Structure formats: structure tokens, C-alpha cells
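Chain identifiers are assigned alphabetically (A, B, ...) following the order of the sequence lines, protein sequences preceding nucleic acid strands; residue numbering begins at 1 within each chain. Worth saying up front: this structure is predicted, and the values here are computed from it rather than measured.
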2 protein chains.
Amino acid sequence: MASRGEQVQANVLVALLAHGKPTSAYKIMRDLQDGQPKIAPPTIYRALAALVEQGKVHRLESLNAFVACQCAHHDHPAILSICDDCGAVEETVAPKLLNQLTRLTKKSGFAAMRHIIEIHGRCASCKNAGAQS
Amino acid sequence: MASRGEQVQANVLVALLAHGKPTSAYKIMRDLQDGQPKIAPPTIYRALAALVEQGKVHRLESLNAFVACQCAHHDHPAILSICDDCGAVEETVAPKLLNQLTRLTKKSGFAAMRHIIEIHGRCASCKNAGAQS
DNA sequence: TGAGTTATGTTATAACATAACATAACAAGC
DNA sequence: GCTTGTTATGTTATGTTATAACATAACTCA
């Protein structure tokens, strides 16, 4: 049987998938409070930390928000493209580029452990929508 | 004569330079409150926004903190290497790599406007310190 | 079963950020 | 030089994000 923690993680993941867009921890909490009124921030943050650890969720540092990973099967950290118009996030995996970054910073002796790459801009559909208006 | 805003910006920059490490907006505020007890968060955030705009300060999205730019003369966004041990930040400028990123995301029609690249790890001196212990 | 350990729940508060409005400075036309 | 509009700055309040600290429950293993 799933532990309580795993159950919360599953619920959080469902909530994130339902949104399909960057969602704050507190928004998720309010979602879950429909069925579990007393759930508190630390519970949400613990579940999110576990999901991020598992690679099932990405944390968006530049938005202080979270998205469900869209391509479950990769271990590589993702490059996240964030549309500032509609909020859509696209994941790109580019291990070579990450290696380049690691090598670049290694020149001064830096040992890279975790790469955060977030690119803000406009997605294809918002760009088109903007152009025609 | 410098406007009030420019004065605050100068003071904030001095405080940031004095630290030489990532510093939160509230820490800066407490620093400035030595000479100006009533200064409030919006004043600090406005000054920081202006300094970031001018490229004199970088915002570290993954730390919710700020550092003074160490190489004043460039317009390119910097790649920031952050030591999780000592907090030191190193800036690297690599326009080619940013272009690669832009091209990569452009494949799906994304128009990149702002690149955020933060790499966590250990700097050379902390790595050495850790190895010899 | 009971002692030790880990996971989870709960309360409280810390830390980060900005909305909303008030006031002051400045600039342009009268 | 006044007054009117505009922009910059100050001020108050509050919203939002995140975690510390402690309590309780569940699990393990002798």
C-alpha cells in the first residue's frame, strides 16, 4: 500500500498535470484542500521536493512555480522554454549543451552539479497571435 | 545633481559590492537602514530593478538574491556559476552558447527573449578544501 | 511489546515581493 | 509665478513563497 507521502505526491502530480502550466505550491495546496482541507504548506513542499528528485516535476526557479515533466523518460535536466504570454513551458533535452556548459565553467575549476536553464520568450502560437493583431 | 532614485541605486550597489556574494533584497535593506532607517522594500526593489536593467547587478533566480556584476563592460547576459559551499558567484560570457540555445528552442517556433543560466556546484577552492579534509 | 528511528502532520513564522495609495518633484503652458 | 498634468519616490499594507520547530504517528527490529 502506498504510504501517506506517496499518496500526497500522486495527488500533487495529478493537480500539476491538470493545470499543464506552471503552478505555485500554494495553488496546488488550494487544489488539494478540496478533498483534504487541513493540508499545510510543508506537506506540499515535501511532496514537490520528492517529485523533483524523481524527475517527475520541474521547478521553475524564475517563476517560483512547478510543472509536471512532459516526457517522463529522461534523466537529463531539461532546458525549459517559458512563454511569457500564455505561460506554456516546453522542455528540451540537450546533453551536449549541458556538457559544454560544464566544460566552460570547469576552466576555472568549478565543478558543476546542477544546471538551471530557463529561457523566457514567446511560444510559436502566441507569437503568431501577436503578429496578426 | 543625482536624483533620489539614483542615490538609492548607488547605495544599493555599494552594499552589494561590499558583500561580494549573493545578497537578498532584505539584507540590503537592513544594510541601508543604518543610515536611512525608514527605507522600505519597494524602494530597494525599484533600485535593484534599475540596476539589473543597466546590467550592473544580476538577479539570481535560484537563490532569490542579487550580486553586483563583476565585469561592468558587457551587455551579454551572463552564465552564473554558484558555489553551494561558499556562495561565490562567477560570471561567464558565452554569446555563442546563448545563440545555440536560442536556435535550439527556435526549432519549435519559440522566440527567446531572456536567457537564465545558473549552474550550481562547487568552486575550485571549496572543491580543494573538501578534498583534503 | 517497547525502544529507537523515520515519516508525516501541525503550528507558527520567516523571508521575499508587490499592490495601492500618498506625497513630492518637476516640466509646460498660461 | 501659478496651476495643472506627469513622473518619481515614499509609505502602508498585504500578498506570496518557503521553512523552522516541534508534535505525533507509523514503522522496524530485537
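One atom, CD1 of Ile28(A), and another, P of dT16(D), lie 15 Å apart when rounded to the nearest Å. Protein atom CG of Leu60(A) is 11 Å distant from nucleotide atom P of dA18(D), rounded to whole Å. Atom CG of Leu32(A) is separated from atom C1' of dT8(C) by 15 Å (rounded to the nearest Å). At whole-Å resolution of the value, CD in Glu6(A) and P in dG9(C) are 12 Å apart. For Gln9(A) and dT8(C), the CD to P distance is 8 Å, given to the nearest whole Å. Distance CE (Met29(B)) to C1' (dA17(C)): 11 Å, rounded to an integer number of Å. Ile39(A) places its CD1 atom 12 Å from the P atom of dT8(C), with the value rounded to the nearest Å. Distance NZ (Lys27(B)) to P (dA17(C)): 16 Å, rounded to an integer number of Å.
Residues Gln36(A) and Ile39(A) are in side-chain contact: their nearest non-hydrogen atoms beyond the backbone lie under 4.5 Å apart.
Residues Leu51(A) and Phe66(A) are members of one and the same hydrophobic cluster, defined by side-chain heavy-atom contacts under 4.5 angstrom among Ile, Leu, Val, Met, Phe, Trp and Tyr.
Ala40(B) comes within 4.0 angstrom of a base, heavy atoms only.
Within 6.0 Å of NZ on Lys56(A) lie no more than 12 heavy atoms contributed by other residues, nucleotides or ligands.
By the criterion of a centre-to-centre distance under 5.5 Å and near-parallel planes under 30°, the ring of Tyr26(A) forms no stack with the base of dT16(D).
Comparing Phe66(B) and Pro41(A), the nucleotide of DNA chain C nearest to each residue sits closer to the 5' end for Pro41(A).
Contact between the side-chain N/O atoms of Asn64(A) and the OP1/OP2 oxygens of dA18(D) is found at a separation under 4.0 Å. The side chain of Lys38(A) places an N or O atom within less than 4.0 Å of a non-bridging phosphate oxygen (OP1 or OP2) of dT10(C).
The stretch residues 42-56 of chain B comes close to DNA chain D through Pro42(B), Thr43(B), Arg46(B), each having a heavy atom under 4.0 Å from the strand.
Not counting sequence neighbours, Asp84(A) has no partner by the salt bridge (Lys or Arg N to Asp or Glu O under 4.0 Å) test.
Side-chain contact of Thr102(A) with His115(A): a donor-acceptor pair under 3.5 Å is present, judged by distance alone.
Distances from the side chain of Ser24(A) to the nucleotides dA18(D), dA17(C), dT17(D) place dT17(D) closest.
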Salt bridge (Lys or Arg N to Asp or Glu O under 4.0 Å) between Arg114(A) and Glu53(A): does it pass, once the steps are laid out?
CA-CA 12 Å; Arg114(A) 173 178 164 230; Glu53(A) 178 80 15; over 6 Å; no
Verify side chain to side chain donor-acceptor pair (under 3.5 Å) between Glu90(B) and Thr105(A), making sure each step is shown before the conclusion.
CA-CA 9 Å; Glu90(B) 186 176 8; Thr105(A) 57; over 6 Å; no
